[in-house]
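Nothing here was measured: the structure is a model prediction, and the numbers come from that model.
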Amino acid sequence: INGSLYHTDYEDLQINVFAGIAPTTLNATTAEIDGFEIELLAAPTDALTITANVGYIDASYTSVGPESPVTANTEFPKTPELTAFLGLDYVLPLENSDLAFHLDWSYRDDVYNNTINSSQIFQEAYDLINASVTYHMNENVEISLAGRNLTDELFLIAGNEELNGFGYAEGIFARQREWSLSAKYKF
């Protein structure tokens, strides 16, 4: 088990906003960030490994200047309040080989994708599930079948909005469900 607590005070925190049609960086505010992270790595048996972590962030602007586009109620961009991960790895020994099974789940709380908290590029909380099965034929050869984003979640990983200047909002979405089959040979 590993853990950390943190507290950060910012003065003259720089934020990125649009001034008309130009992206601009402002020293606009002071802020506080408090949080914790807890990690666990456990091997209850020789064949099973469990990995888990949870993170919590309380980020807030403590004062804002008169020219600042943010308020004390504005949320930090791209800062999920809660994140979590749970992974299981199990190795099934076979004669002269093994099968390795992997399954993981992750959670990411909702986030705004820009400084002014535009609803057009807001990302709601989501869960992801990934899995794989790997056959280790010997120490040199392995074949793996893997699936990522198995529940086929559609979620933004980045976004930009400039409705007042250019009149647009755009988002970049993560890949949806994907499968892979790979073979490796070690020389």
message: Does any part of the side chain of Asn140, heavy atoms only, come nearer than 4.5 Å to the side chain of Tyr185, both counted from C-beta?
response: yes
field: Lys184 NZ: over 12 foreign heavy atoms closer than 6.0 Å
entry: no
- line: When Thr49, Ile1, Asn2 are each screened for side chain to side chain contact (heavy atoms under 4.5 Å, CB included) with Leu41, the one that passes is Thr49
- prompt: Would you say the side chain of Leu150 lies within less than 4.5 Å of the side chain of Asp152, judging by non-hydrogen atoms?
  reply: no
field: Pairwise side-chain contact, Asp110 with Phe122, heavy-atom cut-off 4.5 Å (strictly under)
entry: yes
query: Would you find a donor on one side and an acceptor on the other, under 3.5 Å apart, between the side chain of Asn113 and the backbone of Ile121?
result: yes
- prompt: Okay, side chain of Arg148, backbone of Asn130: is any donor-acceptor separation there less than 3.5 Å?
  reply: no
field: Intermediate values then yes/no, side-chain contact (heavy atoms from CB on, under 4.5 Å), Glu153 and Leu128
entry: CA-CA 7 Å; Glu153 293 291 326; Leu128 294 177; 4.0 Å; yes
query: Can you check whether Leu163 reaches Gln120 side chain to side chain, under 4.5 Å on heavy atoms?
result: yes
- prompt: Rounded to the nearest 0.5 Å, how far does OH of Tyr61 lie from OG1 of Thr30?
  reply: 11.0 Å
query: Do other residues, nucleotides or ligands put more than 12 heavy atoms under 6.0 Å from Asp46 CG?
result: no
- prompt: Are Asn138 and His136 close enough that a side-chain donor and a side-chain acceptor fall under 3.5 Å?
  reply: no
- prompt: So do Val17 and Leu26 actually touch side chain to side chain, heavy atoms under 4.5 Å?
  reply: yes
- request: Determine whether Glu161 and Ile116 make a side-chain contact, defined as any pair of heavy atoms from C-beta on separated by less than 4.5 Å.
  value: yes
- request: Check the side chains of Asn160 and Tyr168 for a donor-acceptor pair under 3.5 angstrom, ignoring hydrogens and angles.
  value: yes
- prompt: How about Tyr112 and Phe76: are their ring centroids closer than 6.0 Å?
  reply: no
task: Verify the distance criterion only: is there a donor paired with an acceptor across the side chains of Asn16 and Thr25 at less than 3.5 Å?
output: yes
message: Using 0.5 Å steps for rounding, measure from the OG atom of Ser144 to the CG atom of Leu181.
response: 8.0 Å
message: Is it the case that the side chains of Ser68 and Thr29 hold a donor-acceptor pair, with the cut-off being a distance below 3.5 Å and no angle test?
response: no
- prompt: Are the side chains of Phe36 and Val54 in touch, meaning some heavy atoms are under 4.5 Å apart?
  reply: yes
message: How close do Asn117 and Glu75 get, counting heavy atoms only, and between which atoms?
response: OD1-N, 2.7 Å
- prompt: Nearest 0.5 Å, what's the OG1-OH distance between Thr83 and Tyr107?
  reply: 9.5 Å
- prompt: Yes or no on side-chain contact (heavy atoms from CB on, under 4.5 Å) for Asp104 and Leu86, after CA distance, side-chain angles and deciding distance?
  reply: CA-CA 6 Å; Asp104 70 59; Leu86 176 64; over 6 Å; no
task: Spell out, as yes or no, whether a donor-acceptor pair under 3.5 Å connects the side chain of Thr74 to the backbone of Ala72.
output: no
field: Side-chain donor or acceptor of Asn149 paired with backbone N/O of Arg175 under 3.5 Å
entry: yes
field: side-chain contact (heavy atoms from CB on, under 4.5 Å) between Ile33 and Tyr6, worked out
entry: CA-CA 8 Å; Ile33 299 175; Tyr6 53 88; 3.9 Å; yes
field: Within-4.5 Å side-chain heavy-atom neighbours: Glu81 and Asp109
entry: yes
